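Order of the sequence lines sets the chain letters (A, B, ...), proteins ahead of strands, with each chain counted from 1. Excluded from the calculations below are hydrogen atoms, water molecules and symmetry mates; all remaining heavy atoms, backbone and side chain alike, are included. Keep in mind that what you see is a predicted model, and the values were worked out from it rather than measured.
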There are 2 protein chains.
Amino acid sequence: MIETLLCRLENFQPLADEDRRVLQQALTPPVRMDRGEDVISEGERPEHVHLMIDGWACRYKLLADGQRHIMAYLMPGDLCDIHITLLNRMDHSIGILTRAHVAGIPRQALDHIYAHHPELTRALFWSTLVDEATLREWLVNEGHRPADQRLAHLFCELLVRARVAGLTENHCMELPLTQDELSDAMGLSTVHTNRVLQKLRREGLLTLRGRTLSVHDWQGLTEFADFDPLYLHLERSERMSDLLGGI
Amino acid sequence: MIETLLCRLENFQPLADEDRRVLQQALTPPVRMDRGEDVISEGERPEHVHLMIDGWACRYKLLADGQRHIMAYLMPGDLCDIHITLLNRMDHSIGILTRAHVAGIPRQALDHIYAHHPELTRALFWSTLVDEATLREWLVNEGHRPADQRLAHLFCELLVRARVAGLTENHCMELPLTQDELSDAMGLSTVHTNRVLQKLRREGLLTLRGRTLSVHDWQGLTEFADFDPLYLHLERSERMSDLLGGI
DNA sequence: TTTTCACATTAACATTTATTACCAGGAATG
DNA sequence: CATTCCTGGTAATAAATGTTAATGTGAAAA
């Protein structure tokens, strides 16, 4: 049930069977959720760390004028910030984008891991560092890249992340996001997102159809997007070249 | 020497004298640096956590076309990410913006704090959570707010952060950033930044002159910018109202 | 089948922001 | 004292993106 998470963490360092078991046993039973529900909403007190078992979610904020800004996509195997329970109130919401199952890690279970399983603790800290680095890369993306490069960069990232979690087949992945949801993350209008997607398709870089992303020209796409996967910190570099060469 | 840091951390929870002393003693002697130098550069291996003693710095990345994107401003009392030493290589650089002094916290000293000073550890974790939340707010800012609101929002944030670190006088703070540096953070051209600053000045919201930011209409500015300080997580709420009412 | 609905697409037009290029003032420098 | 450089300010034009509104399309629902 937590293969995707383990698969992701092991890009940082291999885990002992003991660590894998401890992590598995720390989880609360997964809860089934549907598109449109919030895992947790802005202003609420965070009681657990959440883990996406399957399905997709996003971090988002609502602005004064009702617009939604998506700040991160969570795919299967992704964790919410493991320190989150330190805070009194959430400053953003986590919303479900597809039918999904979400498990939790109670605070005490985490404290126990910190105290007794240093390797696993390091892997979890690594995971939050990657989340933070991803946030920084998104900031650069929105601040300095035009719409077409911006979307291209997002697709590069999502494909690598999916690959790392074992969720790709060749150059394809399930990508259950509407153009509206892409727009809210990229800070674009849906109309413009649509224009840009067509352009990327016309240029033979990728297609996005029927909830599936297919990248046709990985090298062309990464060059166009100025994509450098360093920020994903796949520290076991043999695997990094597997990943990137293999795509 | 670490008053600003302590001042900031105590917005989360009060610290025992013992914790204050431990933190003080963990520091390496501050190094003097000048504008244009890098504390650490992209690709380098992070050996320490850094602390700004005085002066300003920024996190930034250089893009393929040579543009610089600033992802965070570091003012006195700000720490780099305390987990950073887990990573093999920096995915961004930290550059000095003014004459400054920078101290370090060695990895072992931090490990010792984690093992023996839980209150202080919580405060340090809180600090990184705030940094991350700030990054998310910047993402929203760049993605969804027009240039004038965007700059206004930045100034709101900087004034509150400075206030929290004890660096304001009334409605004023030292803000040693050029319009170029503001532009690189906001994803705007310098020309447009200049136009917008004039507009904010004309409307009586603030002036930025001679390295000093003076806010003339705090309430007007926060309303215009849609600024909600929740994301700064000043958990001791009595202090929050002090801060915000008092400005 | 028909209807409905969510999502994608298209077009015309408006607005924001970038680009380029030039000027002005003040501080540092020789 | 002249010079240079950094920073801020201005204007004309171009490019990117937003807005509004209408249409198409395919899958689910009735």
Side-chain angles (χ1 to χ4, degrees), chain A residues 34-36 56 63 65-70 95-99 141-155 174-202 206-214 224-225, chain B residues 34-36 56 63 65-70 95-99 141-154 174-202 206-214 224:
Chain A
D34 272 309
R35 179 185 169 88
W56 283 55
L63 282 86
D65 61 1
Q67 285 190 88
R68 168 181 67 171
H69 190 97
I70 292 178
I96 294 289
L97 295 174
T98 67
R99 179 158 303 183
N141 212 22
E142 295 194 9
H144 262 109
R145 282 195 263 259
D148 48 3
Q149 282 184 45
R150 201 184 298 180
L151 272 160
H153 194 281
L154 173 67
F155 293 133
E174 201 200 338
L175 185 61
L177 304 174
T178 67
Q179 294 187 3
D180 246 325
E181 286 153 357
L182 288 170
S183 307
D184 283 348
M186 297 289 99
L188 297 169
S189 66
T190 48
V191 174
H192 202 59
T193 298
N194 183 273
R195 280 194 283 250
V196 168
L197 286 177
Q198 289 178 54
K199 181 179 165 245
L200 295 176
R201 201 182 300 154
R202 234 181 299 119
L206 56 84
T207 55
L208 182 56
R209 183 172 296 283
R211 313 286 103 137
T212 298
L213 169 68
S214 312
F224 175 67
Chain B
D34 273 309
R35 179 185 169 88
W56 283 55
L63 283 86
D65 61 2
Q67 284 190 91
R68 168 181 67 172
H69 190 97
I70 292 178
I96 294 289
L97 295 174
T98 67
R99 181 157 302 181
N141 212 22
E142 296 194 7
H144 263 109
R145 282 195 263 260
D148 48 3
Q149 281 185 45
R150 200 185 299 180
L151 271 160
H153 195 282
L154 173 67
E174 202 200 337
L175 185 60
L177 304 174
T178 67
Q179 294 187 1
D180 246 325
E181 286 154 359
L182 288 170
S183 308
D184 283 348
M186 296 289 98
L188 297 170
S189 67
T190 49
V191 174
H192 202 60
T193 298
N194 182 273
R195 278 195 285 255
V196 169
L197 286 178
Q198 289 178 52
K199 181 181 166 246
L200 295 176
R201 200 181 301 153
R202 233 182 299 119
L206 56 85
T207 53
L208 183 55
R209 183 172 296 284
R211 315 283 103 136
T212 298
L213 169 68
S214 313
F224 175 66

Atom pair distance, as rounded to whole Å: CD in B:Q198 and C1' in D:dT10
8 Å
Which nucleotide, D:dT20, D:dG18, D:dT10, lies nearest any side-chain atom of A:S189?
D:dG18
Rounded to the nearest 0.5 Å, what separation is found between the CG atom of B:L208 and the OG1 atom of B:T178?
10.0 Å
For the pair A:T190 (side chain) and A:D180 (backbone), establish whether a donor and an acceptor sit closer than 3.5 Å, ignoring hydrogens and angles.
no
Which part of the nucleic acid, if any, lies within reach of B:L197 when heavy atoms closer than 4.0 Å are counted: base, sugar-phosphate only, or nothing?
nothing
In whole angstrom, what separates B:D65's CG from C:dT19's P?
9 Å
Between the side-chain atoms of B:R209 and the base atoms of D:dG8, is any donor-acceptor pair under 3.5 Å?
no
Check whether any side-chain N or O of B:R35 sits under 3.5 Å from a backbone N or O of B:R99 as a donor-acceptor pair, and report yes or no.
no
What contact category does A:G187 fall into here, base, sugar-phosphate, or nothing, at under 4.0 angstrom with non-hydrogen atoms?
sugar-phosphate
For the pair made of CZ in B:R150 and P in C:dA18, what is the distance, rounded to whole Å?
8 Å
Which nucleotide in the set D:dT17, C:dT10, C:dT20 lies at the smallest distance from any side-chain heavy atom of B:V191?
C:dT20
Between C1' on C:dT15 and NE2 on A:H192, what's the gap in Å once rounded to a whole number?
14 Å
Knowing that exactly one of A:R195, A:E142, A:Q179, A:R150 qualifies, which makes a side-chain contact (heavy atoms from CB on, under 4.5 Å) with A:L188?
A:R150
Please list, pair by pair, any protein nitrogen or oxygen found under 3.5 Å from a nitrogen or oxygen in nucleotides 4-8 of chain C.
| unit_1 | atom_1 | unit_2 | atom_2 | d |
| --- | --- | --- | --- | --- |
| C:dC7 | OP1 | A:R35 | NH2 | 3.4 |
| C:dA8 | OP2 | A:Q179 | N | 2.8 |

What's the CE-P distance between B:M186 and C:dT17, to the nearest Å?
13 Å
